[in-house]
Amino acid sequence: MPPPAWRPRSPRRPSGDTYTCNSPPMPGRPGPDDELDCDEFPMASTFEGAARKDYEGSQYTDEFSVRYLDRVENQEAGRRLGAWYDNDRILNNDAFKIVVGN
């Protein structure tokens, strides 16, 4: 089983995904009229997000993945994630696991 992810340090943490998404080697970069967001996993709201290297050291550089996603779907997923944190009272430093599939 993977290690737990963690809740945010603060609601306005900087994210390393912006640099990665805007870098020339990033595949699938959208055109100016494409309605896509660049999103990261683990989520930016967790300790394991792209900004982890800023808090825990350079050994965590590039220890995340990014991908362009439909903007509407991505932003809805973010709202649902935030609602889950609130509804299940997942607080800062509370461990949780993300299970994909059954």
Side-chain angles (χ1 to χ4, degrees):
M1 182 116 351
W6 298 90
R7 273 290 283 166
R9 293 169 196 259
S10 77
R12 296 199 176 271
R13 285 191 322 115
S15 181
D17 69 335
T18 303
Y19 171 78
T20 302
C21 292
N22 293 327
S23 68
M26 177 68 183
R29 292 185 69 189
D33 296 328
D34 292 332
E35 295 194 13
L36 300 174
D37 280 347
C38 185
D39 198 23
E40 70 185 81
F41 186 85
M43 291 83 67
S45 62
T46 66
F47 280 105
E48 286 82 8
R52 184 177 188 184
K53 67 174 177 42
D54 297 335
Y55 300 98
E56 296 181 33
S58 61
Q59 71 270 26
Y60 295 107
T61 299
D62 297 329
E63 290 292 314
F64 62 95
S65 64
V66 293
R67 182 176 181 153
Y68 286 103
L69 303 170
D70 177 272
R71 179 173 294 141
V72 172
E73 291 177 8
N74 184 49
Q75 292 177 7
E76 177 62 21
R79 283 189 289 277
R80 289 181 184 200
L81 179 64
W84 175 63
Y85 289 157
D86 291 341
N87 292 337
D88 286 355
R89 197 163 160 43
I90 298 173
L91 303 175
N92 195 24
N93 289 315
D94 282 353
F96 62 89
K97 294 184 188 265
I98 304 293
V99 178
V100 179
N102 293 337

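All values below were derived from every heavy atom in this structure, side-chain atoms included, with hydrogens, water molecules and symmetry-related copies excluded. The structure displayed is predicted, hence computed values, not measured ones.
Distance CD/Glu40 to CZ/Arg67: 15.0 Å, rounded to 0.5 Å. Atoms CD and CZ, on Glu73 and Arg80 in that order, are 10.0 Å from each other to the nearest 0.5 Å. The OG atom of Ser65 sits 10.5 Å away from atom CD of Glu63, with the distance rounded to the nearest 0.5 Å.
Checked against side chain to side chain donor-acceptor pair (under 3.5 Å), Tyr60 has the following partners two or more places apart in sequence or in another chain: Arg52.
When Asp70, Val72, Asn74 are each tested for a side-chain contact (heavy atoms from CB on, under 4.5 Å) with Asp37, only one passes: Asn74.
Counting heavy-atom neighbours within 6.0 Å of Gln59 CD, excluding the residue itself, gives a total above 12. Counting heavy-atom neighbours within 6.0 Å of Arg71 CZ, excluding the residue itself, gives a total above 12. No more than 12 heavy-atom neighbours from other residues, nucleotides or ligands sit within 6.0 angstrom of CZ on Arg89.
In the hydrophobic clustering of ILVMFWY residues, with side-chain heavy atoms under 4.5 Å counting as a link, Phe96 and Leu81 come out together. When the side chains of ILVMFWY residues are joined at heavy-atom separations under 4.5 Å, either directly or via intervening members, Phe41 and Trp84 end up in a single hydrophobic cluster.
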- prompt: After noting the C-alpha distance and the side-chain angles of Asp94 and Tyr85, does the key distance pass the side chain to side chain contact (heavy atoms under 4.5 Å, CB included) rule?
  reply: CA-CA 10 Å; Asp94 282 353; Tyr85 289 157; over 6 Å; no
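Between Cys38 and Tyr68, the shortest heavy-atom distance links the atoms CB-CE2, 3.6 Å.
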